[in-house]
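Only one structure is covered here, and it is reproduced in the block below.
Proteins come first, then strands; the chains are lettered A, B, ... in the order of their sequence lines, and each starts at number 1.
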There are 2 protein chains.
Amino acid sequence: MSHDTMATLTRETISAAPDPIVRRTLHDELLERLRSMIIDGDLAPGDKVPEKELCERFGVSRTPLREALKVLANDGLVTLTPNRGAMIADLTLEDLEEAFPVMGALEALSGEMACANITDAEIEKIKKLHLEMVTHYEARELKLYFRTNQQIHEMILSAAGNQTLSALYRGLEGRIRQARYLANMSTSRWTQAVQEHEQIIASLEARNGAELAAILKSHLANKFETVKEALQDRGKP
Amino acid sequence: MSHDTMATLTRETISAAPDPIVRRTLHDELLERLRSMIIDGDLAPGDKVPEKELCERFGVSRTPLREALKVLANDGLVTLTPNRGAMIADLTLEDLEEAFPVMGALEALSGEMACANITDAEIEKIKKLHLEMVTHYEARELKLYFRTNQQIHEMILSAAGNQTLSALYRGLEGRIRQARYLANMSTSRWTQAVQEHEQIIASLEARNGAELAAILKSHLANKFETVKEALQDRGKP
DNA sequence: GACATGTATATTGAATTCATAATTCAATAT
DNA sequence: ATATTGAATTATGAATTCAATATACATGTC
């Protein structure tokens with residue numbers, strides 16, 4: 001992508017420069033900041049997002065902020081109503097049920113491709129993360145467990161070596177995010193999840209793509225069950 | 001409308017009115033127009049997109065246009081370089097090869113879900129379209145063939161009844177679009193494509209999800225082969 | 001007191017303006 | 001003639017301004 005552009009900039013001299021100055025637009029910067037704020041739950045679903053307030057918070061004018069909001073709306077993270085402004089998108093049960101099979105298909109694909117492309121070093125890294133995750137599980141550290149868990153799935157995804165796949169998967173993952181923080185896994189389900197991860201590692205080591213795909217898919221199904229319950233129970237004690 | 005009905009008009013009846021006035025923002029309108037211009041090839045890949053010119057063409061100021069461009073860039077239809085403006089994204093061979101397996105997974109899913117949900121009426125509609133497509137094939141009307149073909153795939157997608165899936169698939173389809181118009185199908189491949197479509201119809205009628213998924217996947221693989229060749233040959237006679 | 005109507009305020013959508021970076025092109029040096 | 005420098009032009013990024021719309025509040029009516 002930026003490959004061609006760079007190459008045709010000038011002969012070789014300048015494009016081969018060691019450290020090109022990277023400038024970003026405010027829009028881009030804002031986009032990234034807002035995205036992670038939403039995904040991390042700093043901005044809660046359903047919250048109205050007054051432009052003025054955010055502008056002050058970031059010290060920018062409304063123009064770049066609004067540009068960022070349009071993009072986020074396009075990605076489904078924000079809901080934009082004409083003349084009424086933006087609110088952080090609220091995940092409905094329907095959204096969740098729609099996203100589920102799609103993520104399943106993508107997850108399965110990532111498993112197959114990862115098995116085809118993963119290096120031994122990457123497998124080692126994942127095994128380390130897995131041990132770390134088990135530690136968090138034993139200590140009942142839900143937050144840390146989630147993070148490590150996420151890292152493992154990220155590693156599988158990047159091992160698949162397909163940017164398009166990664167981008168789509170992350171996009172959906174971002175939309176599911178909110179219920180994540182509501183989820184209060186039962187002990188038995190948590191144990192089951194860890195066991196599934198053991199299987200994931202095994203299939204990965206065996207580089208058995210079909211098997212990994214199947215495991216990831218059912219692992220995801222279980223995760224969705226948990227998220228769905230959290231979503232349905234929200235608001236209640 | 002009778003007296004009685006008038007008298008009983010309430011807030012509910014009003015909001016449930018059949019035809020609410022739909023107002024759209026300029027940004028939204030532009031987004032749609034630009035998107036289809038790109039997908040239809042009115043704006044060629046690699047073209048620079050001078051803001052001023054487009055503003056004049058649409059009779060709007062730069063603000064909503066730029067908002068639309070940011071969104072299109074996010075979708076990969078446009079490439080934005082800071083201080084240098086926008087150009088219509090150029091599809092590389094790598095992009096194509098990345099998109100392929102992802103579209104395959106989505107297409108397979110759409111087949112499975114379509115078989116589970118499709119109505120008899122929808123199948124009839126698709127069969128009609130298929131006959132139309134065969135006519136175009138026999139007349140060697142490539143453009144019309146493409147359009148009808150696309151409509152069939154659109155119908156399967158919408159029969160699957162999953163908005164999320166549709167949105168993602170259309171997004172990828174949009175990025176592949178350009179090579180479409182370069183493709184000059186050989187007679188044998190064209191014949192093969194039509195035969196595959198016969199199988200698609202058959203699986204759909206039998207509501208055999210797994211079978212349809214497999215056929216769609218290999219049908220897609222063949223399509224990619226054609227598109228890939230077109231992409232490699234472009235510029236040459 | 002509940003509801004409807006009208007007015008003031010605040011917020012958003014879009015145009016305009018301003019500042020800065022990129023491009024063009026002429027003048028100069030090689 | 002070609003390449004290089006620097007001023008003029010143009011296009012872009014972002015802030016500001018203006019207009020349209022929605023919200024909040026107050027007033028009046030039943």
Side-chain angles (χ1 to χ4, degrees), chain A residues 2 4-15 17 20-34 43 46-74 77-89, chain B residues 6-15 17 20-34 43 46-74 78-89:
Chain A
S2 54
D4 312 277
T5 329
M6 286 300 269
T8 49
L9 250 184
T10 31
R11 302 296 138 144
E12 268 88 73
T13 33
I14 292 180
S15 68
I21 296 175
V22 176
R23 283 175 309 170
R24 308 185 63 200
T25 60
L26 276 183
H27 148 80
D28 225 46
E29 200 107 19
L30 277 173
L31 192 53
E32 193 175 291
R33 298 273 288 271
L34 285 173
L43 295 171
D47 276 7
K48 275 203 285 193
V49 186
E51 294 177 2
K52 201 178 152 201
E53 192 178 296
L54 278 185
C55 286
E56 282 163 8
R57 168 132 52 143
F58 291 115
V60 298
S61 81
R62 283 172 57 217
T63 308
L65 179 80
R66 302 183 93 250
E67 290 170 347
L69 287 177
K70 308 281 183 195
V71 174
L72 291 172
N74 190 243
L77 290 178
V78 152
T79 304
L80 241 44
T81 319
N83 297 316
R84 269 188 253 186
M87 63 177 257
I88 306 303
Chain B
M6 288 291 272
T8 53
L9 267 182
T10 60
R11 188 172 283 112
E12 288 78 48
T13 43
I14 291 176
S15 71
I21 295 175
V22 176
R23 283 175 308 171
R24 308 186 61 199
T25 61
L26 276 184
H27 148 80
D28 226 45
E29 199 107 18
L30 277 173
L31 192 53
E32 195 175 288
R33 298 274 287 271
L34 286 173
L43 295 170
D47 275 7
K48 274 205 288 193
V49 186
E51 294 179 1
K52 200 180 153 200
E53 193 178 296
L54 279 184
C55 286
E56 283 163 8
R57 167 131 52 141
F58 290 116
V60 299
S61 81
R62 283 174 56 218
T63 309
L65 179 79
R66 302 183 93 251
E67 290 170 348
L69 286 177
K70 308 282 182 193
V71 174
L72 291 172
N74 189 243
V78 152
T79 305
L80 242 43
T81 320
N83 297 317
R84 268 188 249 184
M87 63 178 254
I88 307 302

[atom1]-[atom2] distance between [X] and [Y], expressed to the nearest 0.5 angstrom:
X	Y	atom1	atom2	answer
Arg33(B)	Leu31(B)	CZ	CG	12.0 Å
Lys70(B)	Leu72(B)	NZ	CG	11.5 Å
Asn74(A)	Leu69(A)	CG	CG	12.5 Å

Pairwise N/O distances under 3.5 Å, protein to nucleotides 20-25 of chain D:
| from | atom 1 | to | atom 2 | distance (Å) |
| --- | --- | --- | --- | --- |
| dT21(D) | O3' | Asn83(A) | ND2 | 3.3 |
| dT21(D) | O3' | Arg23(B) | NH1 | 3.4 |
| dA22(D) | OP1 | Arg23(B) | NH2 | 2.4 |

Mind checking side chain to side chain donor-acceptor pair (under 3.5 Å) for Asp28(A) and listing every partner two or more places apart, or none if nothing turns up?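 Once residues adjacent in sequence are excluded, the partners of Asp28(A) under the side chain to side chain donor-acceptor pair (under 3.5 Å) criterion are Arg24(A).
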Under 4.5 Å between any side-chain heavy atoms of Val71(A) and His27(A), yes or no?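 SC-SC contact between Val71(A) and His27(A) confirmed.
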Are Val49(A) and Leu54(A) side-chain neighbours, meaning at least one heavy-atom pair lies under 4.5 Å?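 Val49(A) vs Leu54(A): side chains touch.
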Dot-bracket, DNA chain C: Watson-Crick or G-U, under 3.5 angstrom, [ ] crossing, | other strand? ||||||||||||||||||||||||||||||
Between dA14(D) (C1') and Glu51(B) (CD): distance, integer Å: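 Interatomic distance, CD of Glu51(B) to C1' of dA14(D): 12 Å.
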What residues in residues 55-62 of chain A put a non-hydrogen atom under 4.0 Å from any atom of DNA chain D?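 Output list: Val60(A), Ser61(A), Arg62(A).
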Can you sort out the partners of Val60(A) under side chain to side chain contact (heavy atoms under 4.5 Å, CB included), two or more places apart, ordered by chain and number?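 Testing Val60(A) for side chain to side chain contact (heavy atoms under 4.5 Å, CB included), a comparison that skips the adjacent residues, returns Leu26(A), Leu30(A), Phe58(A), Pro64(A).
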Closest-nucleotide ordering on DNA chain D, the 5'-leading residue of Val49(B) and Thr63(B):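 Closest to the 5' end, via its nearest nucleotide, is Val49(B).
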Can you tell me which residue pairs pass the side-chain hydrogen bond (donor to acceptor under 3.5 Å, both in side chains) test with a partner in residues 49-63 of chain B, sequence neighbours excluded?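 Residue pairs passing side-chain hydrogen bond (donor to acceptor under 3.5 Å, both in side chains), neighbours aside: Glu51(B)-Arg62(B), Glu51(B)-Arg66(B).
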Report the residue from Val78(A), Leu43(A), Thr79(A), Thr81(A) that forms a side chain to side chain contact (heavy atoms under 4.5 Å, CB included) with Met87(A).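 When Val78(A), Leu43(A), Thr79(A), Thr81(A) are each tested with Met87(A), the side chain to side chain contact (heavy atoms under 4.5 Å, CB included) holds only for Thr79(A).
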